[in-house]
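Just below is one structure, and these are the notes that go with it.
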Amino acid sequence: MQMALVRAVRREFEKIPDPRKGRPQISFADAAMSAFAMFSLKDPSHPAFEKHWSARDHNLHALYHIFYIEVERG
């Protein structure tokens with residue numbers, strides 16, 4: 001995937017006002033980039049994406065510019 005495309009997508013997500021109430025721990029841009037990564041990596045489901053999350057942690061930071069990653073356990 002082209003790094004310029006990922007940077008452009010991130011910039012556009014950062015422009016969207018966060019519609020959530022309160023002070024969410026994960027930024028809207030990180031949540032949206034996680035969804036973008038999941039679909040671009042072609043995982044068949046969110047659980048499948050989470051299953052490989054720890055192996056991809058570095059790539060999610062480096063390639064997709066996702067700054068905060070939290071995986072639900074259990």
Side-chain angles (χ1 to χ4, degrees):
M1 175 165 304
Q2 298 291 325
M3 291 303 297
L5 172 63
V6 173
R7 282 192 302 270
V9 169
R10 175 76 192 201
R11 277 193 307 270
E12 293 304 310
F13 284 150
E14 288 173 347
K15 292 177 185 177
I16 299 171
D18 193 334
R20 299 172 293 176
K21 304 284 187 226
R23 298 179 63 192
Q25 191 173 17
I26 299 172
S27 73
F28 180 81
D30 277 354
M33 286 303 292
S34 294
F36 177 71
M38 182 175 73
F39 287 106
S40 68
L41 293 170
K42 298 183 178 17
D43 283 314
S45 66
H46 186 262
F49 181 67
E50 282 188 331
K51 180 178 176 184
H52 300 107
W53 200 299
S54 61
R56 295 175 175 159
D57 187 51
H58 175 72
N59 286 342
L60 292 172
H61 289 293
L63 301 176
Y64 291 94
H65 307 286
I66 299 170
F67 300 108
Y68 185 86
I69 298 173
E70 180 178 312
V71 178
E72 274 189 38
R73 307 252 188 250

Supply the atom-to-atom distance Asp30 CG to Glu14 CD, rounded to the nearest 0.5 angstrom.
8.5 Å
Can you see which heavy atom on Arg10 is nearest to which on Ile66, and at what distance?
NH1-CA, 4.1 Å
When rounded to the nearest 0.5 angstrom, what distance separates CD1 in Ile26 from CG in Asp18?
11.0 Å
Does a side-chain heavy-atom distance below 4.5 Å link Pro17 with Phe28?
no
Set of side-chain contact (heavy atoms from CB on, under 4.5 Å) partners for Arg11, sequence neighbours left out
Arg7, Ala8
Restricting to non-hydrogen atoms, name the atom on Gly22 and the atom on Pro24 that form the minimum distance, rounded to 0.1 Å.
O-CD, 3.4 Å
